[in-house]
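Take a look at the structure below.
Numbers here are sequence positions counted from 1. In each ligand, atom 1 is the first atom listed, and ligand 1 is the first ligand listed.
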Amino acid sequence: MNMPRISHFAVALILGAVIARAQTPAGEASRGKDLYDKKYLCSACHGFSGQNGVGARLVPMKLTQAGFMAYVRHPHDTPTGMPPYTAKVMPDQELADIYAYIKSLPDSVKKAKDIPVLNDILNNQK
Ligand code: HEC
């Protein structure tokens with residue numbers, strides 16, 4: 001009988017994808033809001049909009065979910081001391097929910113050309 005051959009490489013790729021998926025569960029933005037605003041107080045440092053406060057801007061979120069989760073688990077040392085939210089205090093699912101919530105927040109910063117006064121300034125350079 002002729003069995004289709006699957007290369008070790010393909011198996012490794014599939015396993016890798018399955019593991020990566022297991023490590024980054026799908027988040028639910030509606031659950032993330034309460035976690036972000038109240039339970040873990042990300043809002044205290046990053047603002048309710050994710051765009052102000054003593055912490056870095058989180059909107060627009062440029063990190064991948066995996067990168068985001070790795071950072072929040074082990075933030076770099078900062079003067080204001082973002083606490084490490086390790087798996088002991090925050091399950092992966094909640095972190096995924098927070099990520100989904102941050103991704104859903106609108107970026108309120110407009111481009112200069114979209115604000116009439118600034119657009120005039122841009123256009124009057126010549
Ligand atoms: C006590 C204040 C504080 C709290 C609470 C806090 N953070 Fe932070 N966070 C910071 C500061 C300050 C930075 C900027 C660090 C730097 O630039 O080196 C930061 C950076 C980050 C970054 C990296 C942003 C980037 O693009 O580099 C992410 C992501 C983040 N915080 C997410 C969170 C989440 C999610 C929570 C809640 C679970 C949270 N933070 C709670 C202070 C805080």
With heavy atoms only and a cut-off of under 4.0 Å, state how [X] meets ligand 1: side chain, backbone, both or neither.
| X | value |
| --- | --- |
| Leu95 | neither |
| Phe68 | side chain |
| Val54 | backbone |

State yes or no: do Tyr36 and Leu63 share one hydrophobic cluster built from I, L, V, M, F, W and Y residues joined by side-chain heavy-atom distances below 4.5 Å, directly or via other members? yes
Lys111 and Leu118: CA distance, side-chain angles, deciding distance, side-chain contact (heavy atoms from CB on, under 4.5 Å) verdict: CA-CA 9 Å; Lys111 297 213 162 38; Leu118 298 179; over 6 Å; no
Answer yes or no for Met90: is there a heavy-atom contact with ligand 1 below 4.0 Å? yes
Does at least one non-hydrogen atom of His46 fall below 4.0 angstrom from an atom of ligand 1? yes
Distance under 4.0 Å to a non-hydrogen atom of Leu41: what atoms of ligand 1 satisfy this? 5 (C)
Flag for Glu94-Tyr40: side-chain donor and acceptor within less than 3.5 Å: yes
Distance from Met90 atom CE to Met69 atom CE, nearest 0.5 Å? 9.5 Å
Can you check whether Cys45 reaches Met82 side chain to side chain, under 4.5 Å on heavy atoms? no
Proximal candidate to atom 43 (C) of ligand 1 [heavy atom criterion; set Gly67, Gly32, Cys45]: Cys45
Say whether, by atom type as modelled, one donor and one acceptor occur between the side chain of Asp97 and the main chain of Glu28 under 3.5 angstrom. yes
